[in-house]
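Below you'll find the structure, written out as C-alpha coordinates, and then a few comments.
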Amino acid sequence: DILSSIRESLHENNFSPGIGQEVLLSLQRLMNKFCSLLSMNEWQIILEIIQCCYYGCRQWMLTLQIHQRKETDILDVWFDSGVSWNAVLKQRGIKYPASLYLEGSDQHRGWFQTSLIPSMALHNKAPYEKVLTHGFVLDHNGKAMHKSLGNVVSPHDVINKYGADILRLWVSLADYTEDIRLSEEILGTAIDTYRKLRNTIRYGLGNLFDYNPKKHKISSDNLTEMDKYMLNKLDTLITDVKKSYDGYQFRKAVRQITDFCILDLSSFLLDSSKDRLYTLGTDAPERRSAQTVLDEIVKTILLLLAPVLSFTTEEAWQELKKLPCGKDLEESIFLAKIPQKASYHAGTDIEDKWDKIRAIRLKVLKALEEAREKKIIGSSSAAKVLFKTNDTETKKFLESTLPLWSEVAIISEALISDTHSDNPLEVEVLNAEGDKCDRCWRWHKDVGENKEHPDVCGRCLNVIKKEKSLT
(Lines give C-alpha, C1' and ligand atoms only; values in the text may rest on other atoms or scores of the structure.)
Protein backbone atom coordinates (compact mmCIF):
# COMPACT_ATOMS: atom_id res chain seq x y z
CA ASP A 1 0.00 0.00 0.00
CA ILE A 2 0.98 3.67 -0.19
CA LEU A 3 2.16 3.91 3.42
CA SER A 4 4.41 0.88 3.01
CA SER A 5 5.88 2.42 -0.15
CA ILE A 6 6.54 5.66 1.71
CA ARG A 7 8.35 3.87 4.50
CA GLU A 8 10.45 1.92 2.00
CA SER A 9 11.44 5.13 0.20
CA LEU A 10 12.57 6.72 3.45
CA HIS A 11 15.07 3.90 3.93
CA GLU A 12 16.53 4.72 0.51
CA ASN A 13 17.02 8.46 1.17
CA ASN A 14 19.98 10.03 2.95
CA PHE A 15 19.36 12.17 6.01
CA SER A 16 21.62 14.63 7.81
CA PRO A 17 21.51 14.27 10.73
CA GLY A 18 20.49 10.61 10.65
CA ILE A 19 17.81 11.13 13.31
CA GLY A 20 15.70 12.85 10.65
CA GLN A 21 15.00 9.51 9.01
CA GLU A 22 13.64 8.01 12.23
CA VAL A 23 11.48 11.08 12.87
CA LEU A 24 9.84 10.81 9.45
CA LEU A 25 9.40 7.05 9.83
CA SER A 26 7.70 7.53 13.19
CA LEU A 27 5.35 10.08 11.67
CA GLN A 28 4.46 7.64 8.91
CA ARG A 29 3.63 4.99 11.50
CA LEU A 30 1.09 7.41 12.95
CA MET A 31 -0.57 7.69 9.56
CA ASN A 32 -2.60 4.56 10.33
CA LYS A 33 -4.52 6.63 12.87
CA PHE A 34 -5.53 9.20 10.30
CA CYS A 35 -7.12 9.25 6.90
CA SER A 36 -5.34 11.09 4.14
CA LEU A 37 -6.49 11.53 0.59
CA LEU A 38 -3.83 11.47 -2.11
CA SER A 39 -4.20 12.64 -5.68
CA MET A 40 -4.23 9.81 -8.24
CA ASN A 41 -4.33 12.05 -11.30
CA GLU A 42 -2.06 15.08 -11.27
CA TRP A 43 -4.04 18.28 -10.60
CA GLN A 44 -7.26 17.07 -12.33
CA ILE A 45 -9.06 16.67 -9.04
CA ILE A 46 -11.99 18.04 -7.11
CA LEU A 47 -11.89 17.82 -3.36
CA GLU A 48 -14.87 16.91 -1.21
CA ILE A 49 -14.60 17.11 2.56
CA ILE A 50 -16.37 14.44 4.56
CA GLN A 51 -16.17 13.27 8.12
CA CYS A 52 -14.10 10.15 8.73
CA CYS A 53 -15.09 7.50 11.23
CA TYR A 54 -12.16 5.23 10.44
CA TYR A 55 -10.79 3.82 13.69
CA GLY A 56 -13.28 6.08 15.46
CA CYS A 57 -10.88 8.98 14.99
CA ARG A 58 -13.61 11.29 13.66
CA GLN A 59 -11.01 13.25 11.69
CA TRP A 60 -11.76 15.22 8.55
CA MET A 61 -10.59 13.62 5.35
CA LEU A 62 -10.58 14.36 1.62
CA THR A 63 -11.98 12.15 -1.09
CA LEU A 64 -11.17 12.32 -4.79
CA GLN A 65 -13.22 12.47 -7.95
CA ILE A 66 -10.99 12.07 -10.98
CA HIS A 67 -11.04 14.05 -14.29
CA GLN A 68 -12.65 17.16 -12.86
CA ARG A 69 -11.51 20.76 -13.18
CA LYS A 70 -8.29 22.00 -11.65
CA GLU A 71 -8.93 23.85 -8.39
CA THR A 72 -7.28 27.31 -8.29
CA ASP A 73 -8.07 28.26 -4.73
CA ILE A 74 -5.68 27.45 -1.91
CA LEU A 75 -6.99 24.50 0.03
CA ASP A 76 -4.10 24.25 2.44
CA VAL A 77 -0.71 25.94 2.56
CA TRP A 78 1.01 22.63 3.29
CA PHE A 79 -0.52 21.03 0.24
CA ASP A 80 0.62 23.94 -1.95
CA SER A 81 4.18 23.81 -0.62
CA GLY A 82 4.08 20.00 -0.59
CA VAL A 83 3.70 19.85 -4.38
CA SER A 84 6.26 22.59 -5.07
CA TRP A 85 8.55 19.93 -6.54
CA ASN A 86 6.03 19.61 -9.39
CA ALA A 87 5.98 23.32 -10.23
CA VAL A 88 9.66 23.98 -9.61
CA LEU A 89 11.20 20.80 -11.01
CA LYS A 90 8.99 18.58 -13.16
CA GLN A 91 7.10 21.26 -15.06
CA ARG A 92 10.38 23.04 -15.86
CA GLY A 93 12.26 19.90 -16.87
CA ILE A 94 14.71 20.23 -13.99
CA LYS A 95 16.20 17.19 -12.27
CA TYR A 96 13.59 15.32 -10.25
CA PRO A 97 13.86 14.15 -7.51
CA ALA A 98 15.69 17.13 -6.04
CA SER A 99 19.25 16.50 -4.87
CA LEU A 100 18.56 18.08 -1.48
CA TYR A 101 15.68 19.38 0.64
CA LEU A 102 16.90 21.83 3.30
CA GLU A 103 14.78 23.18 6.14
CA GLY A 104 14.49 23.50 9.91
CA SER A 105 14.01 20.51 12.18
CA ASP A 106 10.32 21.40 12.65
CA GLN A 107 9.62 20.51 9.02
CA HIS A 108 9.69 16.74 9.55
CA ARG A 109 5.99 17.00 10.32
CA GLY A 110 5.57 19.76 7.75
CA TRP A 111 7.18 20.32 4.36
CA PHE A 112 9.26 17.13 4.26
CA GLN A 113 6.20 14.97 4.93
CA THR A 114 3.69 16.90 2.81
CA SER A 115 6.14 16.80 -0.09
CA LEU A 116 6.75 13.09 0.32
CA ILE A 117 3.12 11.93 0.27
CA PRO A 118 1.94 13.50 -3.05
CA SER A 119 5.18 12.54 -4.79
CA MET A 120 4.83 8.92 -3.69
CA ALA A 121 1.16 8.86 -4.71
CA LEU A 122 1.78 10.30 -8.18
CA HIS A 123 5.21 8.90 -9.08
CA ASN A 124 6.00 6.26 -6.46
CA LYS A 125 9.23 7.98 -5.39
CA ALA A 126 10.28 10.61 -2.89
CA PRO A 127 10.76 14.17 -4.23
CA TYR A 128 14.25 14.33 -2.70
CA GLU A 129 17.41 12.25 -2.58
CA LYS A 130 18.75 13.81 0.60
CA VAL A 131 17.17 15.72 3.49
CA LEU A 132 19.17 18.09 5.67
CA THR A 133 17.67 19.67 8.76
CA HIS A 134 19.05 22.40 11.01
CA GLY A 135 18.28 23.97 14.36
CA PHE A 136 17.37 27.57 15.11
CA VAL A 137 19.38 30.63 16.10
CA LEU A 138 19.17 31.59 19.78
CA ASP A 139 20.89 34.23 21.89
CA HIS A 140 23.93 33.45 24.04
CA ASN A 141 21.69 32.29 26.90
CA GLY A 142 19.83 29.84 24.68
CA LYS A 143 16.69 31.97 24.48
CA ALA A 144 14.72 32.76 21.33
CA MET A 145 15.48 36.20 19.92
CA HIS A 146 12.75 38.83 20.24
CA LYS A 147 12.88 42.58 19.74
CA SER A 148 10.95 43.01 22.97
CA LEU A 149 13.73 41.24 24.86
CA GLY A 150 16.45 43.26 23.15
CA ASN A 151 18.48 40.13 22.44
CA VAL A 152 18.34 40.16 18.64
CA VAL A 153 21.65 39.93 16.77
CA SER A 154 20.99 41.16 13.24
CA PRO A 155 22.92 39.48 10.39
CA HIS A 156 23.15 42.89 8.72
CA ASP A 157 24.85 44.34 11.80
CA VAL A 158 27.37 41.47 11.82
CA ILE A 159 28.08 41.92 8.11
CA ASN A 160 28.47 45.70 8.41
CA LYS A 161 30.82 45.34 11.38
CA TYR A 162 32.89 42.27 10.47
CA GLY A 163 32.10 41.37 6.86
CA ALA A 164 29.94 38.64 5.33
CA ASP A 165 32.69 36.01 5.55
CA ILE A 166 32.73 36.20 9.36
CA LEU A 167 29.02 35.42 9.40
CA ARG A 168 29.51 32.59 6.90
CA LEU A 169 32.39 31.19 8.94
CA TRP A 170 30.36 31.33 12.17
CA VAL A 171 27.57 29.37 10.50
CA SER A 172 30.05 26.82 9.14
CA LEU A 173 31.69 26.35 12.54
CA ALA A 174 28.35 25.84 14.28
CA ASP A 175 26.77 22.45 14.90
CA TYR A 176 23.68 23.11 12.81
CA THR A 177 22.08 19.80 13.83
CA GLU A 178 21.13 21.54 17.08
CA ASP A 179 19.95 25.03 17.99
CA ILE A 180 22.76 27.56 17.53
CA ARG A 181 23.68 30.37 19.90
CA LEU A 182 24.88 33.76 18.67
CA SER A 183 26.40 36.75 20.40
CA GLU A 184 29.34 39.13 20.04
CA GLU A 185 31.40 36.85 22.31
CA ILE A 186 30.57 33.73 20.30
CA LEU A 187 31.50 35.53 17.06
CA GLY A 188 34.96 36.00 18.55
CA THR A 189 35.86 32.37 17.81
CA ALA A 190 35.00 32.81 14.14
CA ILE A 191 36.95 36.08 13.99
CA ASP A 192 40.05 34.46 15.51
CA THR A 193 39.84 31.50 13.12
CA TYR A 194 39.38 33.86 10.16
CA ARG A 195 42.49 35.85 11.05
CA LYS A 196 44.60 32.70 11.25
CA LEU A 197 43.36 31.48 7.87
CA ARG A 198 43.78 34.89 6.25
CA ASN A 199 47.30 35.38 7.64
CA THR A 200 48.35 31.95 6.36
CA ILE A 201 47.06 32.77 2.88
CA ARG A 202 48.71 36.20 2.93
CA TYR A 203 52.06 34.73 4.00
CA GLY A 204 51.86 32.19 1.19
CA LEU A 205 51.08 34.83 -1.42
CA GLY A 206 53.95 36.98 -0.19
CA ASN A 207 56.48 34.20 -0.75
CA LEU A 208 55.36 33.50 -4.30
CA PHE A 209 56.14 36.99 -5.66
CA ASP A 210 59.01 35.81 -7.88
CA TYR A 211 57.90 32.25 -8.62
CA ASN A 212 57.01 31.35 -12.19
CA PRO A 213 56.12 27.64 -12.49
CA LYS A 214 57.05 27.63 -16.19
CA LYS A 215 60.61 28.52 -15.23
CA HIS A 216 61.11 27.55 -11.61
CA LYS A 217 58.93 24.53 -10.87
CA ILE A 218 60.87 21.65 -9.35
CA SER A 219 59.91 18.17 -10.50
CA SER A 220 58.30 15.94 -7.89
CA ASP A 221 61.30 13.61 -7.70
CA ASN A 222 63.64 16.52 -6.96
CA LEU A 223 61.60 18.15 -4.20
CA THR A 224 63.08 18.16 -0.72
CA GLU A 225 61.80 15.42 1.58
CA MET A 226 59.99 17.95 3.72
CA ASP A 227 58.14 19.25 0.67
CA LYS A 228 57.25 15.75 -0.48
CA TYR A 229 55.91 15.09 3.01
CA MET A 230 53.76 18.23 2.85
CA LEU A 231 52.23 17.10 -0.44
CA ASN A 232 51.28 13.88 1.32
CA LYS A 233 49.56 15.95 3.98
CA LEU A 234 47.85 18.06 1.34
CA ASP A 235 46.60 14.94 -0.43
CA THR A 236 45.07 13.67 2.80
CA LEU A 237 43.50 17.08 3.45
CA ILE A 238 41.83 17.15 0.02
CA THR A 239 40.33 13.70 0.56
CA ASP A 240 39.12 14.50 4.07
CA VAL A 241 37.62 17.91 3.25
CA LYS A 242 35.83 16.68 0.14
CA LYS A 243 34.33 13.84 2.17
CA SER A 244 33.18 16.33 4.82
CA TYR A 245 31.62 18.64 2.24
CA ASP A 246 29.88 15.73 0.52
CA GLY A 247 28.36 14.80 3.88
CA TYR A 248 27.36 18.43 4.63
CA GLN A 249 29.74 18.39 7.60
CA PHE A 250 30.84 21.99 7.16
CA ARG A 251 32.13 22.34 10.71
CA LYS A 252 34.40 19.34 10.24
CA ALA A 253 35.63 20.62 6.85
CA VAL A 254 36.54 24.05 8.25
CA ARG A 255 38.28 22.47 11.23
CA GLN A 256 40.30 20.20 8.95
CA ILE A 257 41.44 23.16 6.83
CA THR A 258 42.15 25.30 9.90
CA ASP A 259 44.19 22.57 11.59
CA PHE A 260 46.20 22.09 8.41
CA CYS A 261 46.89 25.83 8.16
CA ILE A 262 47.86 26.18 11.81
CA LEU A 263 49.60 22.88 12.61
CA ASP A 264 51.05 21.77 9.29
CA LEU A 265 51.69 25.13 7.63
CA SER A 266 52.19 27.96 10.13
CA SER A 267 53.72 25.90 12.93
CA PHE A 268 55.79 23.61 10.72
CA LEU A 269 56.38 24.16 7.01
CA LEU A 270 56.29 27.96 6.90
CA ASP A 271 58.26 28.23 10.14
CA SER A 272 60.91 25.70 9.18
CA SER A 273 61.26 26.96 5.61
CA LYS A 274 62.07 30.59 6.48
CA ASP A 275 65.81 30.03 6.17
CA ARG A 276 65.69 28.61 2.63
CA LEU A 277 63.01 31.07 1.50
CA TYR A 278 64.81 34.15 2.80
CA THR A 279 68.56 33.43 2.93
CA LEU A 280 69.39 31.02 0.11
CA GLY A 281 70.00 32.23 -3.41
CA THR A 282 67.04 33.29 -5.54
CA ASP A 283 67.21 30.17 -7.70
CA ALA A 284 68.55 27.76 -5.09
CA PRO A 285 66.86 24.37 -5.66
CA GLU A 286 65.78 24.22 -2.01
CA ARG A 287 64.09 27.62 -2.27
CA ARG A 288 62.34 26.82 -5.53
CA SER A 289 61.26 23.49 -4.05
CA ALA A 290 59.57 25.32 -1.18
CA GLN A 291 57.86 27.70 -3.61
CA THR A 292 56.72 24.84 -5.86
CA VAL A 293 54.89 23.19 -2.99
CA LEU A 294 53.71 26.47 -1.48
CA ASP A 295 52.16 27.43 -4.82
CA GLU A 296 50.11 24.22 -4.93
CA ILE A 297 49.14 24.45 -1.27
CA VAL A 298 47.94 28.07 -1.46
CA LYS A 299 45.81 27.44 -4.55
CA THR A 300 44.33 24.28 -3.04
CA ILE A 301 43.57 25.94 0.31
CA LEU A 302 41.76 28.76 -1.48
CA LEU A 303 39.66 26.30 -3.47
CA LEU A 304 38.82 24.27 -0.37
CA LEU A 305 37.81 27.42 1.53
CA ALA A 306 35.83 29.01 -1.29
CA PRO A 307 32.47 27.46 -0.32
CA VAL A 308 32.77 29.14 3.09
CA LEU A 309 34.97 32.25 2.73
CA SER A 310 33.61 33.23 -0.67
CA PHE A 311 34.64 36.88 -0.65
CA THR A 312 38.07 36.43 0.94
CA THR A 313 39.09 33.58 -1.35
CA GLU A 314 37.94 35.47 -4.45
CA GLU A 315 39.94 38.50 -3.32
CA ALA A 316 43.03 36.35 -2.75
CA TRP A 317 42.47 34.59 -6.08
CA GLN A 318 42.51 37.93 -7.90
CA GLU A 319 45.75 38.88 -6.11
CA LEU A 320 47.21 35.50 -7.08
CA LYS A 321 46.36 36.20 -10.72
CA LYS A 322 48.62 39.26 -10.59
CA LEU A 323 51.63 37.03 -9.79
CA PRO A 324 53.62 35.02 -12.36
CA CYS A 325 52.28 31.79 -10.84
CA GLY A 326 48.67 32.89 -11.32
CA LYS A 327 48.63 34.14 -14.90
CA ASP A 328 46.86 31.04 -16.21
CA LEU A 329 44.26 30.74 -13.47
CA GLU A 330 40.54 30.85 -14.19
CA GLU A 331 38.94 34.31 -14.19
CA SER A 332 37.20 33.59 -10.89
CA ILE A 333 37.86 31.04 -8.17
CA PHE A 334 34.28 29.87 -8.67
CA LEU A 335 35.14 28.80 -12.21
CA ALA A 336 37.94 26.56 -10.95
CA LYS A 337 37.54 23.03 -9.61
CA ILE A 338 38.79 21.58 -6.35
CA PRO A 339 41.53 19.06 -7.22
CA GLN A 340 40.80 15.40 -6.63
CA LYS A 341 44.24 14.85 -5.10
CA ALA A 342 47.65 16.46 -4.69
CA SER A 343 50.12 16.39 -7.57
CA TYR A 344 52.39 13.93 -5.79
CA HIS A 345 52.18 11.28 -3.07
CA ALA A 346 55.49 10.18 -1.57
CA GLY A 347 54.29 7.02 0.12
CA THR A 348 54.22 5.93 3.74
CA ASP A 349 57.99 5.72 4.32
CA ILE A 350 58.55 9.46 4.03
CA GLU A 351 55.36 10.21 5.93
CA ASP A 352 56.33 7.91 8.82
CA LYS A 353 59.84 9.40 8.91
CA TRP A 354 58.62 12.99 9.04
CA ASP A 355 55.86 12.26 11.51
CA LYS A 356 58.62 10.98 13.80
CA ILE A 357 60.75 14.07 13.10
CA ARG A 358 57.81 16.29 14.06
CA ALA A 359 57.22 14.34 17.25
CA ILE A 360 60.88 14.86 18.26
CA ARG A 361 60.65 18.48 17.13
CA LEU A 362 57.93 19.12 19.72
CA LYS A 363 60.36 18.02 22.44
CA VAL A 364 63.07 20.23 20.98
CA LEU A 365 60.77 23.25 20.88
CA LYS A 366 59.76 22.63 24.50
CA ALA A 367 63.43 22.46 25.53
CA LEU A 368 64.17 25.68 23.62
CA GLU A 369 61.31 27.48 25.36
CA GLU A 370 62.57 26.33 28.75
CA ALA A 371 66.07 27.54 27.84
CA ARG A 372 64.66 30.95 26.90
CA GLU A 373 62.88 31.20 30.22
CA LYS A 374 66.13 30.39 32.01
CA LYS A 375 67.94 33.06 29.95
CA ILE A 376 70.30 30.44 28.48
CA ILE A 377 69.48 31.65 24.97
CA GLY A 378 67.65 34.55 23.42
CA SER A 379 66.22 33.20 20.19
CA SER A 380 66.24 29.61 18.95
CA SER A 381 68.77 30.51 16.24
CA ALA A 382 71.33 31.11 19.02
CA ALA A 383 70.99 27.54 20.25
CA LYS A 384 72.96 24.34 19.89
CA VAL A 385 70.86 21.26 20.61
CA LEU A 386 72.39 18.15 22.14
CA PHE A 387 70.45 14.90 21.76
CA LYS A 388 70.92 12.15 24.35
CA THR A 389 69.41 8.67 24.11
CA ASN A 390 69.74 5.16 25.50
CA ASP A 391 67.89 3.62 22.57
CA THR A 392 69.88 2.25 19.62
CA GLU A 393 67.12 2.76 17.05
CA THR A 394 66.51 6.34 18.19
CA LYS A 395 70.22 7.09 17.93
CA LYS A 396 70.34 5.70 14.38
CA PHE A 397 67.34 7.80 13.44
CA LEU A 398 68.89 10.97 14.91
CA GLU A 399 72.17 10.30 13.09
CA SER A 400 70.35 9.90 9.77
CA THR A 401 68.38 13.13 10.24
CA LEU A 402 71.06 15.24 11.95
CA PRO A 403 71.64 17.61 8.96
CA LEU A 404 67.92 18.48 8.93
CA TRP A 405 67.62 19.82 12.45
CA SER A 406 69.06 23.27 11.85
CA GLU A 407 66.21 23.93 9.43
CA VAL A 408 63.50 21.91 11.19
CA ALA A 409 64.05 23.46 14.65
CA ILE A 410 65.48 26.84 13.49
CA ILE A 411 68.69 26.36 15.45
CA SER A 412 72.36 26.83 14.62
CA GLU A 413 73.64 23.33 15.33
CA ALA A 414 72.53 19.86 16.41
CA LEU A 415 74.76 17.13 17.87
CA ILE A 416 74.32 13.67 19.39
CA SER A 417 75.94 13.22 22.78
CA ASP A 418 77.95 10.12 23.65
CA THR A 419 77.01 10.63 27.28
CA HIS A 420 74.81 7.87 28.67
CA SER A 421 71.18 8.74 29.16
CA ASP A 422 68.60 7.09 31.38
CA ASN A 423 65.80 8.01 28.96
CA PRO A 424 64.92 7.12 25.35
CA LEU A 425 65.39 10.78 24.43
CA GLU A 426 66.70 13.87 26.21
CA VAL A 427 67.22 17.31 24.68
CA GLU A 428 69.81 19.70 26.12
CA VAL A 429 70.05 23.28 24.89
CA LEU A 430 73.39 25.14 24.89
CA ASN A 431 74.64 28.39 23.44
CA ALA A 432 75.82 27.97 19.86
CA GLU A 433 79.52 28.56 19.23
CA GLY A 434 80.83 31.41 17.09
CA ASP A 435 79.09 34.70 16.30
CA LYS A 436 75.72 35.68 14.91
CA CYS A 437 75.45 36.19 11.17
CA ASP A 438 73.58 39.41 10.45
CA ARG A 439 72.02 37.94 7.34
CA CYS A 440 70.72 34.48 8.35
CA TRP A 441 70.80 35.07 12.14
CA ARG A 442 72.44 31.70 12.74
CA TRP A 443 75.60 31.47 14.79
CA HIS A 444 78.71 30.32 12.91
CA LYS A 445 82.39 30.02 13.74
CA ASP A 446 83.41 31.59 10.41
CA VAL A 447 81.61 34.90 11.00
CA GLY A 448 84.23 37.68 10.80
CA GLU A 449 86.74 35.75 8.69
CA ASN A 450 86.01 37.84 5.58
CA LYS A 451 87.26 41.42 6.01
CA GLU A 452 84.96 42.85 3.34
CA HIS A 453 81.89 41.24 4.94
CA PRO A 454 82.84 40.65 8.59
CA ASP A 455 79.23 40.37 9.77
CA VAL A 456 78.13 37.42 7.63
CA CYS A 457 78.89 33.71 7.64
CA GLY A 458 80.61 31.82 4.84
CA ARG A 459 77.37 30.36 3.53
CA CYS A 460 75.71 33.75 3.22
CA LEU A 461 78.86 35.23 1.68
CA ASN A 462 78.72 32.64 -1.11
CA VAL A 463 75.06 33.52 -1.73
CA ILE A 464 75.86 37.24 -1.88
CA LYS A 465 78.68 36.70 -4.37
CA LYS A 466 76.53 34.48 -6.58
CA GLU A 467 73.63 36.91 -6.56
CA LYS A 468 75.94 39.81 -7.46
CA SER A 469 77.42 37.87 -10.35
CA LEU A 470 73.92 37.37 -11.74
CA THR A 471 73.03 41.09 -11.67
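Atoms considered below: every heavy atom in the structure, side chains included; atoms not considered: hydrogens, waters and symmetry mates. In this chain, residues are counted from 1 in sequence order.
Figure legend: cation-pi geometry between Arg358 and Phe268, with NZ or CZ positioned under 6.0 Å from the six-membered ring centre and within 45° of its axis. Judged by the 6.0 Å and 45° rule, Lys90 forms no cation-pi pair with Trp85.
Comment: Glu319 engages Lys322 in a salt bridge, judged by a side-chain N to carboxylate O separation of less than 4.0 angstrom. Between Lys215 and Asp210, no side-chain nitrogen of the basic residue sits less than 4.0 Å from a carboxylate oxygen of the acidic one, so the salt-bridge criterion is not met.
Residues forming a side-chain hydrogen bond (donor to acceptor under 3.5 Å, both in side chains) with Glu426 (at least two apart in sequence, or on another chain): Ser421, Asn423. Residues that satisfy the side-chain hydrogen bond (donor to acceptor under 3.5 Å, both in side chains) test with Glu370, not counting sequence neighbours, are absent from this structure.
Looking only at distances, a side-chain donor or acceptor of Glu314 sits under 3.5 Å from a matching main-chain atom of Ile333. Of the possible polar contacts, none joining the Tyr203 side chain to the Ser266 backbone as a donor-acceptor pair under 3.5 Å is found. A donor-acceptor pair is defined here as one N or O able to donate and one able to accept, closer than 3.5 Å; such a pair exists between the side chain of Asp179 and the backbone of Phe136.
Within the 4.5 Å cutoff, no side-chain heavy atoms of Lys274 are placed close to those of Thr279.
The side-chain hydrogen bond (donor to acceptor under 3.5 Å, both in side chains) with Ser244 is formed by just one residue from the set Gln256, Gln249, Arg255, Lys252; it is Gln256.
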Per-pair distances, 0.1 Å, donor-acceptor, side chain in residues 404-415, under 3.5 Å, sequence neighbours excluded:
from: Trp405; atom 1: NE1; to: Thr401; atom 2: OG1; distance (Å): 3.2
from: Glu407; atom 1: OE2; to: Arg276; atom 2: NE; distance (Å): 2.8
from: Ser412; atom 1: OG; to: Ser381; atom 2: O; distance (Å): 2.3
from: Ser412; atom 1: OG; to: Trp443; atom 2: N; distance (Å): 2.8

